[in-house]
2 protein chains.
Amino acid sequence: MEALHQKIRELGIVLSDQVLKVDAFLNHQIDPQLMKLIGDEFAALFKDSGITKIVTIEASGIAPAIMTGLNLGVPVIFARKQQSLTLTENLLSATVYSFTKKTESTVAISPRHLTSSDRVLIIDDFLANGKASQALISIIKQAGATVAGLGIVIEKSFQGGRAELDAQGYRVESLARVKSLAGGVVTFID
Amino acid sequence: MEALHQKIRELGIVLSDQVLKVDAFLNHQIDPQLMKLIGDEFAALFKDSGITKIVTIEASGIAPAIMTGLNLGVPVIFARKQQSLTLTENLLSATVYSFTKKTESTVAISPRHLTSSDRVLIIDDFLANGKASQALISIIKQAGATVAGLGIVIEKSFQGGRAELDAQGYRVESLARVKSLAGGVVTFID
């Protein structure tokens with residue numbers, strides 16, 4: 001997606017061979033117009049997949065997910081990383097290890113909002129090692145729902161997440177596929 | 001805002017005299033169409049206020065904030081509750097106590113995204129005791145920026161947050177003002 005590639009080239013900061021910082025437009029400051037374009041693109045890609053729900057993880061997945069949900073006319077659920085006092089019922093949950101934050105956390109979704117008849121599109125800001133995506137897949141399966149595919153804003157293709165999802169047979173649509181961050185330069189696939 | 005009142009009546013769950021659970025459309029599952037209406041309403045209310053940035057807190061503030069930013073054509077910044085490895089520079093921060101979660105947390109914004117020329121609209125999902133709003137106000141002032149007003153989706157008017165902001169002279173626009181949750185019933189002001 002050219003508008004996204006451009007924004008990454010302009011405002012992305014390569015912190016290391018592994019870490020691309022995009023806090024100027026995606027995961028701290030957010031560009032709403034770009035999110036709208038991203039949501040429209042995901043909606044176009046998955047419009048024939050019979051999506052009934054979108055699932056993402058707080059916090060950076062919410063903006064692209066909500067714009068996709070607006071276009072497709074379906075609700076968005078964001079998995080929570082911590083249990084709050086107003087989410088008290090039995091929760092569907094899975095553990096996710098973050099390589100960026102070097103912490104393990106539990107992500108959870110209320111079973112009230114996900115049923116076995118749902119066809120779910122997972123949206124997330126980044127796909128790296130795929131731990132967050134695998135946790136969401138686990139939760140969706142616990143609800144008996146179907147994973148119809150994954151929409152990723154930025155994929156770090158040199159890490160293992162994409163290959164694992166491909167091997168599992170999931171449809172993954174990434175709007176920017178980063179081949180390498182070597183030498184402080186962002187190189188895209190294609 | 002009638003569409004919001006209706007949604008609260010339909011799907012809101014009164015957990016106690018103090019706690020209204022709206023995880024069916026606002027802070028766990030999100031209704032994107034309703035968020036669009038909410039964003040358009042905030043944008044209409046503040047269209048003449050010279051807003052240059054919107055500030056919110058992760059995670060539930062992001063959806064209404066992004067829709068407001070889309071309409072007004074300005075970036076959205078969400079304050080983070082934890083420092084991640086990719087947000088490494090000196091941060092503007094403030095402490096916020098959550099009565100719901102009974103925890104104290106630090107919220108932070110990168111000074112790279114907020115300058116003294118910014119006129120900021122604060123958007124949040126709830127206003128109760130106002131601790132989150134006061135923390136955001138503190139951060140915005142640390143940046144030397146101006147707080148142009150606050151847009152709140154649901155205000156619990158029987159708690160102290162609104163009165164304190166009024167006394168401080170801030171413009172607060174709440175789309176649903178809850179007078180009472182007594183007896184398990186949601187009563188609105190007006």
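Proteins get letters first, then strands, A, B, ... in listed order; numbering begins at 1 in each.
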By a 4.5 Å heavy-atom criterion (distance strictly below it), what part of B:Val22 contacts chain A: side chain, backbone, both, or neither? neither
Closest non-hydrogen atom pair, A:Gln33 against B:Leu70: NE2-O, 3.1 Å
Determine the minimum heavy-atom distance between B:Asn27 and A:Arg80, stating which atoms define it. O-NH2, 2.7 Å
Is it the case that the side chain of B:His28 and the backbone of A:His113 share a donor-acceptor pair, with hydrogens and angles ignored and the cut-off at 3.5 Å? no
Stepwise side chain to side chain contact (heavy atoms under 4.5 Å, CB included) check, A:Ile62 with B:Ile30: CA-CA 9 Å; A:Ile62 295 174; B:Ile30 313 174; 4.1 Å; yes
Quick one: what part of A:Val55 sits under 4.5 Å from any heavy atom of chain B, side chain, backbone, both or neither? neither
Minimal heavy-atom distance between B:Leu26 and A:Phe78, with the atoms involved, is O-CE2, 4.4 Å
Which heavy atom in B:Pro32 sits nearest to a heavy atom in A:Pro75, and how many Å separate them? CD-CA, 4.0 Å
Which heavy atom of A:Ala63 sits nearest a heavy atom of B:Ile66, and at what distance? CB-CD1, 3.9 Å
Examine whether an atom of B:Ala24 lies under 4.5 Å from a heavy atom of chain A, and if so say whether it belongs to the side chain, the backbone or both; otherwise answer neither. both
Hey, which of A:Leu34, A:Val74, A:Val76, A:Leu72 has the most heavy atom pairs under 4.5 Å with chain B? A:Val76
Okay, B:Ile109 and chain A: the region with an atom under 4.5 Å from a heavy atom over there is both
Return the minimal non-hydrogen interatomic distance between A:Ile77 and B:Gln29, and the atom names on each side. CG1-OE1, 3.8 Å
Would you compute the distance between atom NZ of B:Lys81 and atom CD of A:Glu58 and round it to the nearest 0.5 angstrom? 7.0 Å
